[in-house]
Each structure stands twice: as C-alpha cells, then as structure tokens.
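See below for the structure under consideration.
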Amino acid sequence: MEYLFEAVKENVFILAIWDSKWNSYNNCYFIVQEDGITLIDSSKEEHSSYLVQALKQIGKTPEDVTLVLATHGHEDHVQGTSIFKNAKKYIHHQERSLIECPEPDEFDFILLERGVIQNFEYFWVGHHTPGSLAFYHQPSKVLFTGDFLCFFGDPLSKDGLVSVGNDLRHEWLEFLRNGGVAKDELNVFLKGLETMNSFDVEVMCTGHGGVLVGDIQSFVSELLNVGNKLQEIEVKN
Ligand SMILES: [Zn+2]
Ligand SMILES: [Zn+2]
C-alpha cells in the first residue's frame, strides 16, 4: 500500500502517503473550492507522483492548485510543492532558516503569529519547530495541526484513517502524561492547545497518520488537564 486517499469532509481530502523509510504516514490535504484547490503540506519530493495521482482521482491536476500552506518547513511537509506552478505558497517567517526544500524561494515567508488567508485562519503554535502553524478552515470547521499534534510512526486507529480514533486519543494522552512533550516546551505546547480550543473544530487533521472526527474540544481539554497537572508538579518541585 503506497497511499490512502479519502474524503475527510465534503471537499476536504486526505492523502496519507506511506513512507517506508520512516515507517510512517506523511499526510497532505486538499481543500477543493470554486476558486481553486488549497494544499496543506506536500510530503517529500519523491512522493510528488502520489499527489498527482490523488488529484486525478478527483478529476483535477496540479495546475488546479492555487494555494499551498505549509504547517512548517520539514522536508516531509514542503518538498512536494515544486510541481504546483500556479500556486501561491506560504509559510511562517521563522521557518526560513530551517526549511528543507530545494527551492525555498518558492515560498513567501510572510506568515506571522495569527492571521487570515482566504477562508483559512492560521495561528502560531511554536512547538515542534519555531514557526509551526495550525490552519483552521472556516467553512468545513477542519483544523490542520501539522506536527504540533500528530501520530508519527503510529499505526492507524482500528476504526480507520478518518475516525473518532479513541485509541489514538488515549495513546496521545498517555504520551503526554509520560513526558512526551519536553518540560521546557510544555508551556508553549499548552498555549497552542488553548488557542486551538478557541475554535469550533469538528475534525482534527494531523501531520502524520490518523485524522480525528468529533469531540475535538473535549480531547484538547483533556490534553490541557494532563499538561496543566504536569506543570503544577514542576512548580512544586
Ligand atoms: Zn516536522
Ligand atoms: Zn512531519
């Protein structure tokens, strides 16, 4: 199996590419709108042909992609963008020094701490890389978290790629409880979660592996509870 391609919601699609070198799915998302397709994250250069194949499945070509948004500058999120010649490409300004892309100047490094591009709201989450962003698509209520919150190297939920994913949620809570987020990054991570919870999110699309559907606010609140408790323990020590 080289990739999975599924609808997340009406007009929002996930392409989860199996990366045999990393033993993980690398996720890309297509949002199909009347004025063009938006791509969020693009996997590695060697995976470009899967993006073309996936677009073909919905009757589209790379020329139909008019906007590329990158959650951050790691190779598995930016390298596949070079085939999208008609697209404007945006990333946070702090990713300039670390972007792992053969032609970084394809991107405009203009995104700040918070803003709006077309019908996407974006906000800085700053965990994972200094300029990591999350994107919220207003019409579909889908949130794209990049690697701020993802399931890198994890098996898919037993319920499928796009599902409630209670098993994945449980594992992430355990991961956090067991110190999965470094102590010196916890504060920034929790701030990012708080910002996420100010949006009305129906689906959480992550940078790798599972997509979570429904009750996102309670999942994020649970993460906040666990994280805040860890911080209290830190303060007492
Ligand atoms: Zn990354
Ligand atoms: Zn990644």
Side-chain angles (χ1 to χ4, degrees), residues 1-6 8 13-31 38-48 50-51 54 68-84 89-104 106-107 109 111 122-136 142-157 161-162 165 168 171-172 175-176 180-182 184-186 188-189 191-193 195-196 203-212 223:
M1 182 201 321
E2 290 168 322
Y3 69 83
L4 300 169
F5 186 57
E6 285 182 30
V8 167
F13 298 89
I14 177 173
L15 170 63
I17 299 168
W18 178 249
D19 188 329
S20 53
K21 285 188 201 148
W22 286 2
N23 272 320
S24 180
Y25 284 99
N26 299 338
N27 295 0
C28 315
Y29 298 94
F30 295 107
I31 300 96
T38 299
L39 169 67
I40 296 189
D41 289 343
S42 58
S43 200
K44 296 176 181 174
E45 197 166 21
E46 69 216 54
H47 298 144
S48 288
Y50 301 130
L51 280 86
V68 171
L69 303 172
T71 56
H72 63 294
H74 284 157
E75 58 180 311
D76 51 315
H77 299 261
V78 294
Q79 274 189 356
T81 53
S82 56
I83 60 168
F84 301 104
K89 302 166 188 178
Y90 296 108
I91 192 166
H92 191 268
H93 68 95
Q94 278 178 280
E95 299 293 277
R96 187 186 282 280
S97 58
L98 62 86
I99 190 166
E100 296 169 340
C101 183
E103 292 171 57
E106 283 178 36
F107 280 91
F109 293 83
L111 303 188
Y122 71 84
F123 54 97
W124 179 83
V125 288
H127 167 68
H128 186 69
T129 63
S132 276
L133 292 173
F135 295 94
Y136 177 72
V142 175
L143 178 72
F144 302 89
T145 60
D147 289 358
F148 172 87
L149 205 163
C150 70
F151 302 105
F152 185 87
D154 293 339
L156 299 180
S157 166
L161 172 64
V162 179
L168 295 185
E171 276 168 36
W172 230 100
F175 172 75
L176 180 59
V181 174
D184 57 347
E185 290 180 29
L186 196 55
V188 169
F189 179 71
K191 284 211 174 92
L193 289 177
T195 312
M196 278 180 190
V203 180
M204 182 187 273
C205 288
T206 72
H208 297 270
V211 168
L212 305 180
L223 288 167

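Model, not experiment: these values are computed from the prediction. Just so you know, ligand 1 is whichever comes first in the structure, and atom 1 is the first atom listed for that ligand. Index from 1, following the sequence.
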Seminar exercise, completed: Answer key: the N, O or S atom of D76 nearest to the Zn ion (ligand 2) is OD2

Problem set entry | Degrees at the Zn ion (ligand 1) between the ND1 atom of H74 and the NE2 atom of H128, nearest 10° | 90°

Exercise. Side chains of E103 and S82: is there a donor and an acceptor less than 3.5 Å apart?
Worked result: no

Problem set entry | N, O or S from C150 under 2.8 Å to the Zn ion (ligand 1) | no

Problem set entry | Nearest to the Zn ion (ligand 2) - the N/O/S atom of D147, by atom name | OD2

For this session: Have a look at H208 and say which of its N, O or S atoms is nearest the Zn ion (ligand 2).
Result: NE2

Problem set entry | Aromatic contact, F189 with F148 (centres under 6.0 Å) | yes

For this session: Flag H77 as yes if one of its N/O/S atoms falls below 2.8 Å of the Zn ion (ligand 1), otherwise no.
Result: no

Exercise. Is it true that H127 and H72 have ring centroids separated by less than 6.0 Å?
Worked result: no

For this session: Indicate yes or no: at least one non-hydrogen side-chain atom of S43 is less than 4.5 angstrom from one of Y50.
Result: no

For this session: Could you check N27 against Y29 for side chain to side chain donor-acceptor pair (under 3.5 Å), going step by step and ending with a plain yes or no?
Result: CA-CA 7 Å; N27 295 0; Y29 298 94; 3.1 Å; yes

